[in-house]
A.B. asks: 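Below is a structure I'd like to ask you about.
What you see is a predicted model, and the numbers here were worked out from it, not measured in a lab. Reminder, nothing fancy here: chain letters follow the sequence lines and each chain counts from 1. Note: hydrogens, waters and symmetry copies are ignored here, and every other heavy atom, side chains too, is used.
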Protein chains: 2
Amino acid sequence: MPRKTRTTPRKLPQQDRSKMTVDAILIAAAHILTEDGYDTASTNRIAERAGVSIGSLYQYFPNKEAIMTAVRERHTNEMAEIVESAVSQTAQQSLEVALHELVKACIAAHRVDPNLHQVLHEQVPRLNQSSAEAKILLLLREFLIQRHHEVQAQNLELTVFILERTIESLVHAAVIEYPKFLQENQLEKELTRLLLSFLSRPV
Amino acid sequence: MPRKTRTTPRKLPQQDRSKMTVDAILIAAAHILTEDGYDTASTNRIAERAGVSIGSLYQYFPNKEAIMTAVRERHTNEMAEIVESAVSQTAQQSLEVALHELVKACIAAHRVDPNLHQVLHEQVPRLNQSSAEAKILLLLREFLIQRHHEVQAQNLELTVFILERTIESLVHAAVIEYPKFLQENQLEKELTRLLLSFLSRPV
DNA sequence: CTACAATATGAGTTATAGCTCATATTATTG
DNA sequence: CAATAATATGAGCTATAACTCATATTGTAG
């Protein structure tokens, strides 16, 4: 089905000054979201905080939703880069070590901006899933394929799904709701153990 | 910190007819939420759909948030009852069987009203966590304590956390996004295996 | 039957949000 | 240094949402 509202910019910023404008808008939006939540993040307030007129805002974003989508995209990409970089460095490692690194990277990624992450997750209406999320799925898929000799996975797609959701949900919930579980690497260890026992072929 | 807006009714319905009114409002709200989402669920529309005047609505709910809280509470309780009933019937069973029943019950609970569940989760602003959710956590805690002889859990609280979040997130995501994983009990089996290998004491 | 409490009504108030558009300013290009 | 394109401005339009309140109707108790 066709999207009802576009989320792509109506104009692409070409000169430097307009890129600054777009940047300021996204930063202001993120700040307001983390400080006061989605409800109070009106487009007028975002423009004001960005030091930009409301008219300028609507030069580059067709509607409020487009701003939210851009904020989410930026943030998700930042997180994805951390995970990607970590995974790419574990190519030669054992499953156990690699899983541990993966888990650590996910925790680090969630620490980029936990408050923004929470608001994006709980308050900002999500329509289309971000491209960065799809990238993560592909990454994990590769991760498993490369280790197919030590991994138990009859149904690859299902295993990727379980791997991704389990890490994301546990790390996310811990960072936001139970930071104490992150002390002394408790969650990190238990989560690695959980995944390792699930993925390892029985000996 | 004190809540800024109350979610408790301003009047308690006493006669039967007012109970009907409250009921009609909650049912209408749930229908609109599942059909058109949170954004279009205005209080006026809810009242109209319920066949009740907007004034009556505000006799029993101090604000829109209170309606949403009530809808969530109802739905969460329905789900919690299914899980509770299943768990209470596995007291004499082995860890493996009991876990399997638990997982099956969670899947059944998510099938009560998947669309409403999704909207409540993704769109409706959540302020206080529902009491039914807390009940589930206690339930799982008991579940583990009763089986302490066959369960590995140094940190009980952390283990409850992992157990609860893993089941909820995987079942939820599957019901909403990947119903195909529910075919032939695929998820049910894999999820049980995941949890069993995590909780079992090494032999 | 009467008096009072509970319940129901809906037009109207208030507030604010998203967004437009005519116009002004700044940059680029040839 | 024109001429044109890119960018910026903000007062104000439109729409709709949450919520109130004076009043009417229905139930209940003595």
Side-chain angles (χ1 to χ4, degrees), chain A residues 3-29 32-33 36-71 123-125 127, chain B residues 3-29 32-33 35-71 119 123-125 127:
Chain A
R3 309 270 343 286
K4 49 192 168 185
T5 52
R6 59 188 293 185
T7 54
T8 50
R10 61 177 54 176
K11 261 184 201 168
L12 285 175
Q14 304 190 358
Q15 305 173 357
D16 277 351
R17 99 186 127 131
S18 56
K19 282 177 190 155
M20 297 274 292
T21 298
V22 169
D23 223 59
I25 291 169
L26 295 182
I27 290 171
I32 293 172
L33 283 177
D36 289 340
Y38 180 71
D39 282 344
T40 62
S42 72
T43 53
N44 287 286
R45 190 176 164 200
I46 291 171
E48 189 184 19
R49 171 90 181 237
V52 151
S53 74
I54 183 66
S56 288
L57 185 152
Y58 278 97
Q59 295 275 353
Y60 301 102
F61 298 94
N63 49 52
K64 182 177 173 179
E65 187 193 318
I67 302 173
M68 295 302 141
T69 300
V71 170
Q123 296 180 31
V124 181
L127 297 170
Chain B
R3 311 265 346 283
K4 49 193 167 185
T5 52
R6 59 189 292 188
T7 55
T8 48
R10 63 177 54 179
K11 260 186 204 169
L12 286 176
Q14 304 190 357
Q15 304 173 358
D16 275 352
R17 100 187 126 131
S18 57
K19 281 176 189 155
M20 297 275 291
T21 298
V22 168
D23 221 60
I25 291 169
L26 294 181
I27 290 172
I32 293 172
L33 283 176
E35 283 161 21
D36 289 340
Y38 180 71
D39 283 344
T40 62
S42 72
T43 52
N44 288 285
R45 191 177 164 201
I46 292 171
E48 190 183 19
R49 172 89 180 238
V52 152
S53 75
I54 183 64
S56 287
L57 187 152
Y58 279 97
Q59 296 274 353
Y60 302 101
F61 299 95
N63 49 50
K64 183 178 173 179
E65 189 194 316
I67 302 173
M68 295 302 143
T69 300
V71 170
V119 173
Q123 296 179 31
V124 180
L127 298 170

A.B. asks: Specify the separation, in whole Å, of atom CD1 of B:Ile46 and atom C1' of D:dC19.
C.D. replies: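 These atoms are roughly 13 Å apart.
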A.B. asks: To the nearest Å, how far apart are B:Gln14 CD and C:dC4 P?
C.D. replies: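 Result: 18 Å.
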A.B. asks: Rounding to a whole Å, what distance do you find between A:Arg17:CZ and C:dT26:C1'?
C.D. replies: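 Distance, rounded to whole Å: 5 Å.
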A.B. asks: To the side chain of A:Gln15, which of C:dT7, D:dC19, D:dA6 is closest?
C.D. replies: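 Nearest to the side chain of A:Gln15 among the choices is D:dA6.
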A.B. asks: Among D:dA18, C:dG18, C:dG10, which is the nearest nucleotide to the side chain of A:Tyr58?
C.D. replies: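 Minimum distance to the A:Tyr58 side chain belongs to C:dG18.
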A.B. asks: So does A:Thr21 get a side-chain nitrogen or oxygen closer than 4.0 Å to the phosphate oxygens (OP1/OP2) of D:dT7?
C.D. replies: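 A:Thr21 to D:dT7 OP1/OP2: no side-chain N or O under 4.0 Å.
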A.B. asks: Under 4.0 Å between any heavy atoms, over every strand shown, what does B:Ser56 touch: base, sugar-phosphate, or nothing? Just pick one.
C.D. replies: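 The residue B:Ser56 makes base contact.
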A.B. asks: Just how far, in rounded Å, is P of D:dA18 from CZ of B:Phe61?
C.D. replies: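 Going from B:Phe61 (CZ) to D:dA18 (P), I get 14 Å.
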A.B. asks: Atom CG of A:Leu57 and atom P of D:dA11: how far apart are they, to the nearest Å?
C.D. replies: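 Going from A:Leu57 (CG) to D:dA11 (P), I get 16 Å.
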A.B. asks: Taking N and O atoms by type only, does the side chain of A:Gln59 place a donor or acceptor under 3.5 Å from a partner on the base of D:dA8?
C.D. replies: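 Check passes, donor-acceptor contact within cut-off.
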A.B. asks: Using whole Å, what does the distance between atom C1' of nucleotide C:dT9 and atom CD1 of B:Ile25 come to?
C.D. replies: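 B:Ile25 atom CD1 is separated from C:dT9 atom C1' by 13 Å.
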A.B. asks: Does D:dA18 have OP1 or OP2 sitting under 4.0 Å from an N or O in the side chain of B:Thr43?
C.D. replies: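 Checking D:dA18 against B:Thr43, a side-chain N or O does come within under 4.0 Å of OP1 or OP2.
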A.B. asks: Has the side chain of A:Asn63 got a donor or acceptor that lies under 3.5 Å from a partner of the other kind on the base of C:dC19?
C.D. replies: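 Result: no qualifying N/O pair found.
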A.B. asks: Whole angstroms only, please: what is the CZ-C1' distance between A:Arg45 and C:dC19?
C.D. replies: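 Value for this atom pair: 19 Å.
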A.B. asks: On a heavy-atom basis, which atom in A:Ala70 and which in A:Phe61 lie closest, and how many Å separate them?
C.D. replies: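 Heavy-atom minimum between the residues: CB-CE2, 4.1 Å.
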A.B. asks: Distance under 6.0 Å and angle within 45° of the ring axis: does A:Lys64 meet both against A:Tyr58?
C.D. replies: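 Negative - A:Lys64 is either too far from the ring of A:Tyr58 or too far off its axis.
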A.B. asks: Between C:dT20 atom P and A:Asn44 atom CG, what is the distance in whole Å?
C.D. replies: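 Rounding to the nearest Å, CG of A:Asn44 and P of C:dT20 are 13 Å apart.
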A.B. asks: Quick one: does any side-chain atom of A:Gln123 pair with a main-chain N or O of A:Tyr38 as donor and acceptor, under 3.5 Å?
C.D. replies: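 Present.
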A.B. asks: Could you tell me whether A:Ser18 contacts a base, only the sugar-phosphate backbone, or nothing, with contacts defined as non-hydrogen atoms closer than 4.0 Å?
C.D. replies: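 Sugar-phosphate only.
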